**Q** 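Questions regarding the structure given below will be posed in turn.
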Protein chains: 4
Amino acid sequence: MREEGTEELSEKTVKRVRLAPAERRERIIDAIVSVVSEHGVPEATTSRIAEAAGVGPGTLYRYFGSREEMLTAALDAVYERIMRPWYDAGELDPLERIREVGRRHSRIMASEEGGFAVPWVQFIAGASEVGLRDAVAETQRRAYRVVQSVFEEARAQGSIRADADPVELTYQFLVYAWGENMCVLMGLNEFLGEERSMKVLEHFLDQAATKPSESGRGQ
Amino acid sequence: MREEGTEELSEKTVKRVRLAPAERRERIIDAIVSVVSEHGVPEATTSRIAEAAGVGPGTLYRYFGSREEMLTAALDAVYERIMRPWYDAGELDPLERIREVGRRHSRIMASEEGGFAVPWVQFIAGASEVGLRDAVAETQRRAYRVVQSVFEEARAQGSIRADADPVELTYQFLVYAWGENMCVLMGLNEFLGEERSMKVLEHFLDQAATKPSESGRGQ
Amino acid sequence: MREEGTEELSEKTVKRVRLAPAERRERIIDAIVSVVSEHGVPEATTSRIAEAAGVGPGTLYRYFGSREEMLTAALDAVYERIMRPWYDAGELDPLERIREVGRRHSRIMASEEGGFAVPWVQFIAGASEVGLRDAVAETQRRAYRVVQSVFEEARAQGSIRADADPVELTYQFLVYAWGENMCVLMGLNEFLGEERSMKVLEHFLDQAATKPSESGRGQ
Amino acid sequence: MREEGTEELSEKTVKRVRLAPAERRERIIDAIVSVVSEHGVPEATTSRIAEAAGVGPGTLYRYFGSREEMLTAALDAVYERIMRPWYDAGELDPLERIREVGRRHSRIMASEEGGFAVPWVQFIAGASEVGLRDAVAETQRRAYRVVQSVFEEARAQGSIRADADPVELTYQFLVYAWGENMCVLMGLNEFLGEERSMKVLEHFLDQAATKPSESGRGQ
DNA sequence: CATGAATGAGAATTCATTCAT
DNA sequence: TATGAATGAATTCTCATTCAT
């Protein structure tokens with residue numbers, strides 16, 4: 001990858017392009033994500049990032065104060081993308097929305113090079129670096145809050161039982177998602193996909209739902 | 001942390017403590033585990049390990065051929081400790097044994113600095129180094145096999161339903177355990193313990209069990 | 001040696017001298033040669049080289065992939081210089097050219113710190129490192145081929161007897177040159193110079209020449 | 001080489017043997033020579049030496065003050081052996097003795113694993129370590145003196161011409177021998193043996209001899 | 001603004017030497 | 001006396017960061 005022949009050209013090309021700061025930052029973040037995807041966090045060196053972004057190593061420091069900042073910014077971008085389904089599926093009934101998001105998650109994780117799933121897992125797994133670690137945890141907490149609010153909405157609307165505990169359900173949802181992450185991480189592909197992992201989620205949801213799944217397994 | 005003079009004053013006072021090789025090795029492994037716990041795998045540098053073990057950097061290489069070997073040895077020790085409950089609980093009915101192991105896992109994970117839980121998670125999450133990563137995956141596969149065999153035994157004995165799928169149950173057990181790992185890793189302590197995480201496991205087991213839990217939640 | 005402040009005061013005074021890559025590379029090679037001269041190959045450590053080049057240790061690795069590459073590059077530079085006489089003397093009659101080269105070799109070796117003679121010998125004698133050793137041997141073979149081709153030319157032109165064996169003469173030339181190398185290496189300066197070592201070569205050449213030496217000893 | 005199975009036994013055996021200091025020293029020196037032969041000077045580590053000698057690393061320091069001393073002692077032993085032919089051939093006519101020694105040298109160098117030739121060359125080539133280097137040079141000077149005295153004797157006896165210069169002849173002899181050393185060192189085996197290298201010596205001697213070679217090359 | 005040459009602290013590893021046993 | 005466990009300075013190499021251009 002990144003062979004010279006083509007690179008030398010494109011690099012020269014890129015060099016000339018004077019981008020608006022915000023857009024250049026965007027591009028660098030994309031580069032970070034792709035480097036993290038390919039190599040993992042600890043191997044996401046600044047020079048790899050610079051090369052992938054088509055800029056000099058010094059340039060990175062015009063947009064970020066440190067490597068940690070770069071990674072944190074990339075993590076945010078990944079979080080953004082990973083959580084988008086929760087908002088995109090906004091018009092559905094809350095419980096159905098959760099089911100839909102889960103299905104998407106399973107599908108994304110099962111698919112080879114599943115968009116932002118890989119860097120997502122890389123961040124979760126590779127964040128032993130202090131600081132990044134906290135950022136990842138914060139990310140999970142944010143996700144947690146989003147999920148919990150949807151469960152609460154679902155209970156309010158009556159699509160899950162009144163005695164179901166949204167916190168418990170949220171934890172269960174996370175457990176389901178983490179399970180898929182771990183499988184991706186360790187290459188246990190046999191568990192991924194709707195047949196196995198997705199079942200876990202439906203398990204949890206069916207137990208709390210007031211009526212059985214409409215579209216999911218069930219049939 | 002691990003400043004001199006606080007606990008093992010003999011270490012810094014006495015120069016050149018001569019130990020039986022086996023014991024020194026043991027101590028170094030303990031040191032590795034504690035460094036991994038505190039700093040994660042990538043930050044478990046040989047000099048940190050040496051300092052924690054109270055030996056010179058060269059000494060490590062009398063006992064291990066490389067840093068990777070050190071980490072692998074520590075991983076083995078941790079695996080050993082983490083999986084011990086499966087063997088200690090040997091005399092119980094298989095399903096009950098799974099419950100018991102689960103309870104212990106939850107308890108261990110919940111306890112602050114719960115023995116080997118932290119390094120266990122650090123190894124799972126932080127093993128970006130090739131070789132160590134494979135060792136970790138192998139460890140998971142080994143664990144997987146142990147769990148599955150117990151589920152199969154349980155089905156043979158009739159304590160879980162004949163139509164329950166041991167593979168599915170095994171995955172569910174792992175998902176439960178990974179959930180706790182993630183919480184430990186990210187400091188989401190609010191989910192740990194019998195009240196929340198343990199419930200997930202009992203969820204799964206109750207569904208497959210032919211009779212309700214004897215000792216677990218239930219009452 | 002190479003203390004700061006003595007000759008190139010600018011080096012220590014000015015921090016971060018920025019050079020064109022080619023020139024910096026050149027300077028580093030010079031530094032390697034001088035370190036090898038002074039300390040021999042095994043003692044030509046990267047930190048000594050860095051210090052001699054007036055750069056940080058990391059800088060070396062911007063120009064060379066490894067210490068071995070540094071040494072190989074330096075060896076090439078030395079070879080280049082050592083063999084230059086063969087090409088500079090190109091217009092002479094072949095046999096006379098050989099005599100001329102020999103005289104230059106003797107002169108170079110005899111002169112205190114005779115340019116590239118000392119590092120040349122250091123490389124030949126001190127290349128215990130695999131890879132470098134092969135590079136040195138290749139160097140000798142290359143030199144051998146150059147010398148042999150000139151002897152063949154000389155025979156074709158009739159300046160050495162038709163029954164003289166170019167291979168034998170080449171070996172004899174090498175033996176002559178190695179003799180000087182050994183003397184330099186071991187500080188046996190009493191043998192160096194035209195009086196003694198050079199005589200050896202003329203011995204060999206006179207025996208094969210069709211007419212006596214024009215300029216050399218003879219008189 | 002040095003596999004455990006057998007070694008463990010022999011080691012235990014050797015351990016018990018309490019040798020007279022002088023003899024143990026002797027054995028260690030043998031071990032050094034064999035390690036140098038096999039691995040070269042820079043790779044002749046103290047632990048390799050200790051292992052080869054069947055003693056603990058600490059023991060070496062009861063007999064030698066430092067690694068350098070060990071190597072120097074071994075070099076002396078090798079010198080001793082290499083120069084023995086000069087004395088063994090004592091009854092012959094001096095010039096014939098030189099021829100005989102030369103022949104032996106050529107034969108030894110040409111033969112695979114030629115007794116003490118290999119460590120000899122290893123010392124000459126590998127002695128970039130300061131101190132050892134001087135020792136090697138001294139060795140060459142000693143050899144030089146021995147050779148020169150024989151040439152002087154030969155001149156006194158009239159077997160070489162009165163106007164021949166013993167110093168010159170000595171240098172020529174050394175050049176001949178070094179040539180063979182270099183060939184061994186660089187694996188240029190094609191030059192070794194009586195056909196090529198030995199001819200060089202006979203060249204020199206014939207020129208100084210009052211009568212042609214008796215036994216040597218024939219013509 | 002952007003660059004990329006230069007940096008230097010720190011990583012893993014080796015090995016001659018010491019010293020408690 | 002002999003041992004071998006322990007040492008720590010030194011080695012090669014990496015990489016986040018800086019700063020002259």
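In this text, all values refer to a predicted model and were calculated from it rather than measured experimentally. Letters go in sequence order (proteins before strands), and every chain restarts at 1.
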**Q** For the helix from E:dA2-F:dT21 to E:dT21-F:dA2, figure out the bend between the end axes, five pairs an end, and round to 10 degrees.
**A**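 The value is 20°.
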
**Q** On a plain distance test, is the side chain of C:Arg18 in donor-acceptor contact with the base of E:dG4 below 3.5 Å?
**A**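 By the distance-only test, yes, there is a pair.
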
**Q** Without decimals, in angstroms, what is the distance between A:Ile49 CD1 and F:dA16 P?
**A**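 It is 8 Å, rounded to the nearest whole Å.
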
**Q** Which residue, C:Gly58 or B:Leu19, contacts DNA chain F at a nucleotide closer to its 5' end, judged by nearest heavy atom?
**A**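 Comparing both residues, the 5'-ward one is B:Leu19.
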
**Q** In whole angstrom, give the distance that lies between atom OH of B:Tyr63 and atom P of F:dA5.
**A**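 Going from B:Tyr63 (OH) to F:dA5 (P), I get 6 Å.
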
**Q** May I have the distance from D:Leu60 (atom CG) to E:dC19 (atom P), rounded to whole angstrom?
**A**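 Nearest whole value for this atom pair: 17 Å.
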
**Q** Verify the contact: side-chain N or O of C:Thr46 to OP1 or OP2 of F:dT12, cut-off strictly under 4.0 Å; return yes or no.
**A**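 Result: yes.
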
**Q** What heavy-atom pair brings A:Ala74 and A:Phe123 nearest, and what distance separates the two atoms?
**A**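 In this case the closest contact between A:Ala74 and A:Phe123 is CB-CZ, 3.9 Å.
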
**Q** For C:Ser66 and D:Gly56, find the nucleotide of DNA chain F closest to each by heavy atoms; which residue's nucleotide sits nearer the 5' end?
**A**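 In this pair, the answer is D:Gly56.
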
**Q** Kindly say if B:Ser47 contacts the phosphate of E:dA11, meaning a side-chain N or O under 4.0 Å from OP1 or OP2.
**A**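 So the side chain of B:Ser47 is within the cut-off, an N or O lying under 4.0 Å from OP1 or OP2 of E:dA11.
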
**Q** Taking atom C1' of F:dA5 as reference, at what distance in whole Å does atom OH of D:Tyr61 sit?
**A**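 Those two atoms, OH and C1', are 15 Å apart.
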
**Q** Can you tell me how far C1' of E:dT18 sits from CZ of D:Arg67, to the nearest Å?
**A**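 These atoms are roughly 17 Å apart.
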
**Q** How many angstroms lie between atom CG of C:Leu19 and atom CZ of C:Arg27, to the nearest 0.5 angstrom?
**A**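 CZ of C:Arg27 is found 5.0 Å from CG of C:Leu19.
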
**Q** Could you tell me whether the side chain of C:Glu43 and the main chain of C:His39 form a donor-acceptor pair under 3.5 Å?
**A**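 It does not hold such a pair.
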
**Q** Where do D:Ala31 and D:Ile49 come nearest, in terms of heavy atoms and distance?
**A**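 Closest heavy-atom pair between D:Ala31 and D:Ile49: CB-O, 4.0 Å.
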
**Q** Does B:Arg25 use its side chain to pair, donor to acceptor, with the backbone of B:Phe64 at less than 3.5 Å?
**A**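 The answer is no, because no donor-acceptor pair under 3.5 Å joins these two groups.
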
**Q** Could you check how far CZ of B:Arg62 sits from P of E:dT17, rounded to whole Å?
**A**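 The distance from CZ of B:Arg62 to P of E:dT17 comes to 17 Å, rounded to the nearest Å.
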
**Q** Grab the CD-C1' distance between D:Glu43 and E:dT14 for me, whole Å please.
**A**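 Atom-to-atom, D:Glu43 to E:dT14, this comes out as 11 Å.
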
**Q** Give the nucleotide from the list E:dC15, E:dT13, E:dT17 with an atom nearest to the side chain of D:Pro57.
**A**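 It is E:dT17.
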
**Q** Run through D:Thr72, D:Val41, D:Thr46, D:Leu71 and flag the one making a side-chain contact (heavy atoms from CB on, under 4.5 Å) with D:Ile32.
**A**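 Between D:Ile32 and the candidates, side-chain contact (heavy atoms from CB on, under 4.5 Å) is satisfied uniquely by D:Leu71.
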
**Q** As a test of reading the structure: which of E:dC15, E:dA2, F:dT3 is closest to the side chain of A:Arg24, going by heavy atoms?
**A**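 When the side chain of A:Arg24 is considered, E:dA2 is the closest of E:dC15, E:dA2, F:dT3.
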
**Q** In whole angstroms, how far is the P atom of E:dA2 from the CZ atom of A:Arg25?
**A**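 My rounded result for the distance is 14 Å.
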
**Q** With no hydrogens and no angle check, is any side-chain donor or acceptor of C:Arg62 less than 3.5 Å from a backbone partner on C:Pro21?
**A**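 No, the answer is negative, given that no donor and acceptor are paired below the 3.5 Å cut-off.
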
**Q** Is any side-chain nitrogen or oxygen of B:Thr59 closer than 4.0 Å to OP1 or OP2 of F:dT7?
**A**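 Checking B:Thr59 against F:dT7: at least one side-chain N or O falls below 4.0 Å of OP1 or OP2.
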
**Q** When you match B:Arg48 and D:Pro42 each to their closest nucleotide on DNA chain E, which lands nearer the 5' end?
**A**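 Of the two residues, B:Arg48 wins.
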
